[in-house]
Every structure is written in structure tokens, then in C-alpha cells.
Amino acid sequence: MVSVDTRLPAGAAELDALQREGVIFLLRKGLDAIEAVEGPDDVEIEIFDSILAAHPGGVLLKLFVDAPALEVAEDAMREVVGEVLEQSELLSEWQITKCEVELHPEFAQQSLDAADGPDAPPADPVVRAAQHAEARAEATAVRLPGEEVEAMRATVRAMAPRLTAFGLDSFGWCEGEESGVDREHAELAAGALVYAIDLLVDQLFHDVQTLSEAKKSVEECDGLLWYLDDLPEQFAAQYTVLFARRFLVTAVSLTARLTRDDFVQLGCVAEQFLLNFLLREAGVVLDGYGLLSDGVASAWEVFAEEMLDEVEYELRYETAGDDDEETGATTSEGGSLDVDRWFTPFGERCFIHPYAAEEAGGRESSA
């Protein structure tokens, strides 16, 4: 394992909770984009797992690496993290203050004791990582101060009532019943969704700006995108600036309705994608504070099932040639389902913001 400590530039203000989530996302995105690392003599070095923990002064990365030598692993990971920082405009002035290999004594002794014997660790690094995942996480996880974790727990739980469209029963909690999800987990699940709304909307604004500056579709854009490049890749050429604006407006509409008591159901395919993004972001928020548990995950499963049960529609990504029998959507000349249909309401009761619902043709040239 290689431990890499990254720090803010000298004189920079400390990171608040929202900024810490953003930095974790940027670093994770950069690491995921690295397909392979080459060491000396063209030896391929594999990063098979990682743990990232943000604190007010920076981020500590724990990178689990399969390399032929400790020095090779250390040099390679310093170069990798340095490249990730350099490629991100927001992190380009950050500094690496420490990069060193750490051998957990228990794992090292186990390997020595079992070397060449029946209890030898698996040769496959992925299998080995899975075998030791629980113990490794406990040994290497960076823990925030207890008071900061408890403050975040209280903050998130206090936000739960603001999700006024849904009560805690929508997250599996029922007063007086011992089975199901307990109240704290239901409150954390609901409150984290509210907390994540700002992250979702802010980062979609960033995506719109990135595409506007590039004047390209997602398929051609080299800039950092938070969400748009996580949509189905086969339609990337159709994710234009106008599409991004409509997607953003739909996000604002959806999240506003979640915090009112007149929510009916998900209105269109775009809202289904956005709900998944919101759930993912809420998970990142809680995970960063060690508050993501099986109970919270169960609460979100109950919530997602309730939301999607109201929608008589299944996301389908047919390729060239056929009409979508359920929606009437036809494939475009390029062979992809026309993403304009993602903003078509599922039914008469569904609300779609007028800007998002309007056909794109008349505005595409101004985008």
C-alpha cells in the first residue's frame, strides 16, 4: 500500500464539507481515468483498490498497488497522483507532502508465515484485495475527529424533514415496528438526499459551463464533467450544450418538487437518471464521514423502489434500427435513440419544466 498525502497550497483557506466532497470526486475521477501505469522496463503496475479521505487541509490517499518492488510502487504513485493534480485546474497548485509505502504488520507477517505454504495469500492481487478488504479498511481508513462525524450526523438527520414529499415510511421506517429500517438510518438516508441537492445542482452548472466554453458535445469535450459523461456513452454526441441546460433545469425542477408536498412521480427518463445521480451523491456524502451503513443502503433501496414503482417505464438503450414500442421514440440518423425523448412526460400527471419539455430544434443554433 502506498500512502500519499496531498495538501492545499500555502495560504489557501481550509476546505469546508462541500469542498471536501468535490475534491474527493476530482481525485477519484482522475484515478479512474488511468488505464495503466508503466514502471521500469515496461513493467505494468496495477492500482487495484484505493481509499481517499478528505480533511480541512487536504486529502490522504491510500493506494493498493501490485508492483515488483516497493521503490517502484512509491515512485509510480507519486507520479500518478502528481499527474492527476496537474491535470485538474482546481488542484494544479496542490502539493504532495508525503508519498511512502506502508506495510501493515499483520498482513506482512501473515504473508511471511504462509509463504509457499497452503495458507499463502492468493497470487491474484484482486482476489487478495477482496480477501483482506474488511481488515484492510479497518487498518487503513482515515478517521475524522469524532466530534466532526457526530456534527455531520446531526446536520444530516436534521435535514430529513425538508424532504417534505416523502415521510420516513418511504425509507422503510414505521413507528412501533421492530422490523425494517430504524429511524436513524431512515433520517440519514432522507437528510443526505437533501444535503446532496446542492452538490448535484452546482456540479451540473459546472457541466453546462464546461460544454459552453468548449462549444462541443460530450463526445468531443476534453474538459472535466461531473455527470454528463456518466450518462449512456452511446449517446454522447447528442449531449450538447442545449441538452445540458435542459438536464440542469430538469434537476432543479425535480429537487424542488422533492422538497414540496405535491410531488407526484418521476416525470421522464431524465429524472430517472437524475434520481440515480442524487442517490450516488448522497452516498458519497455519508461515506466521507463513515456514516454510510447497510441500514442506510436498505433505506435507499426502499425509497428507490417506491419511486420507480410509480413509473411504468423501463430505461432502454436500443441501438440502430428499431422504434421504441413503449414510448414511440425512433432512432436518429446516427443510430441512437433521440435523447429529446428523455424529456417527454410519462403521462398526463407528470410535470416537466417548460424549458426542458420544449422541442430543441428552434434553440439549438443559439446554444
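No hydrogens, no waters, no symmetry mates; every other heavy atom, side chains included, goes into these values. Just so you know, residue 1 is the first one in the sequence shown, and it goes up from there.
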Treat each ILVMFWY residue as a node, draw an edge where side-chain heavy atoms are under 4.5 Å apart, and state whether L60 and V284 are in one component.
-> no
Using the ring of each side chain (for Trp, its six-membered ring), is W226 parallel, tilted or perpendicular to H206, with breaks at 30° and 60°?
-> perpendicular
Flag the pair W300 / L193 as yes when at least one side-chain heavy-atom distance between them is below 4.5 Å, and no otherwise.
-> yes
Side-chain ion pair, D340 and R246, N-O less than 4.0 Å | yes
Quick one: do V23 and W94 satisfy side-chain contact (heavy atoms from CB on, under 4.5 Å)? Show the steps, please.
-> CA-CA 11 Å; V23 173; W94 279 46; 3.7 Å; yes
Looking only at heavy atoms, what is the nearest atom pair of I352 and P345, with distance?
-> CG1-CB, 3.7 Å
Is it true that atom CZ of F351 has more than 12 heavy atoms of other residues, nucleotides or ligands lying nearer than 6.0 Å?
-> yes
Check whether any side-chain N or O of T164 sits under 3.5 Å from a backbone N or O of R260 as a donor-acceptor pair, and report yes or no.
-> yes
Out of curiosity, S217 OG to L228 CG, how far, rounded to the nearest 0.5 Å?
-> 10.5 Å
Please check if L188 and L168 belong to a single hydrophobic cluster, counting links between Ile, Leu, Val, Met, Phe, Trp and Tyr side chain heavy atoms closer than 4.5 Å.
-> no
Taking the side chain as every heavy atom from C-beta outward, state whether L26 and K29 have any pair of such atoms under 4.5 Å apart.
-> no
Could you tell me which non-hydrogen atom of L204 sits nearest to which non-hydrogen atom of A251, and how far apart they are?
-> CD1-CB, 3.5 Å
Donor-acceptor pair, side chain of Q19 and main chain of D16, under 3.5 angstrom | yes
Would you sort out whether E306 and F166 count as a side-chain contact (heavy atoms from CB on, under 4.5 Å), showing the intermediate values?
-> CA-CA 10 Å; E306 176 174 324; F166 298 93; 3.8 Å; yes
About how many Å separate CD of E281 and CG of L199, when rounded to the nearest 0.5 Å?
-> 5.0 Å
Any chance CZ of R162 has more than 12 other-residue heavy atoms, nucleotides or ligands included, within less than 6.0 Å?
-> no
Report the residues that fulfil salt bridge (charged side-chain N to carboxylate O under 4.0 Å, His left out) with E184, sequence neighbours left out, ordered by chain and then residue number.
-> R153, R157
Yes or no on side-chain contact (heavy atoms from CB on, under 4.5 Å) for L61 and T6, after CA distance, side-chain angles and deciding distance?
-> CA-CA 8 Å; L61 301 89; T6 63; 3.7 Å; yes
Enter the distance from L8:CG to E14:CD here, rounded to the nearest 0.5 Å.
-> 8.0 Å
Quick one: salt bridge (charged side-chain N to carboxylate O under 4.0 Å, His left out) partners of R280, sequence neighbours excluded?
-> D230
Are F343 and F243 close enough, and set up right, to give a ring pair (Phe, Tyr, Trp, His ring centres under 6.0 Å), and what steps lead you there?
-> CA-CA 10 Å; F343 302 95; F243 171 89; 5.6 Å; yes
Could you tell me whether the side chain of Y289 and the main chain of E148 form a donor-acceptor pair under 3.5 Å?
-> no
Report yes if some heavy atom in the side chain of E86 is under 4.5 Å from a heavy atom in the side chain of S92; otherwise report no.
-> no
Taking S88 for its side chain and L85 for its backbone only, find out whether a donor-acceptor pair lies under 3.5 Å.
-> no
Hey, mind stepping through F346 and Q272 against side-chain contact (heavy atoms from CB on, under 4.5 Å) and telling me if it holds?
-> CA-CA 11 Å; F346 292 137; Q272 287 183 296; 3.7 Å; yes
Nearest heavy-atom pair of C221 and T210: which atoms, and what distance?
-> SG-CG2, 3.9 Å
From CZ (F171) to NE2 (H185), nearest 0.5 Å | 14.0 Å
Does CD in E79 sit with more than 12 non-hydrogen atoms of other residues, nucleotides or ligands closer than 6.0 Å?
-> no
Do the non-hydrogen side-chain atoms of V4 and I96 ever get within less than 4.5 Å of each other?
-> yes
Taken to the nearest 0.5 Å, the spacing of D202 CG from D207 CG works out to 11.5 Å
Nearest heavy atoms of V302 and G172, plus distance in Å = CG1-N, 3.6 Å
Between R20 (side chain) and V59 (backbone), is there a donor-acceptor pair under 3.5 Å?
-> no
Partner set under salt bridge (charged side-chain N to carboxylate O under 4.0 Å, His left out) for R7, not counting sequence neighbours = D5
Of the options D75, V2, V80, which is the one that meets C99 in a side chain to side chain contact (heavy atoms under 4.5 Å, CB included)?
-> V2
Just wondering, are more than 12 heavy atoms of other shown residues or ligands nearer than 6.0 Å to CD in E220?
-> yes
Examine F273 and V201 and state if one hydrophobic cluster contains both, with Ile, Leu, Val, Met, Phe, Trp and Tyr joined whenever side-chain heavy atoms are less than 4.5 Å apart.
-> yes
F303 and W173: same hydrophobic cluster, using ILVMFWY side-chain contacts below 4.5 Å?
-> no
Kindly work out whether a path of hydrophobic side-chain contacts (I/L/V/M/F/W/Y, heavy atoms less than 4.5 Å apart) joins L31 to L225.
-> yes
Rounded distance (nearest 0.5 Å) linking atom CG of L274 with atom OG1 of T255 | 8.5 Å
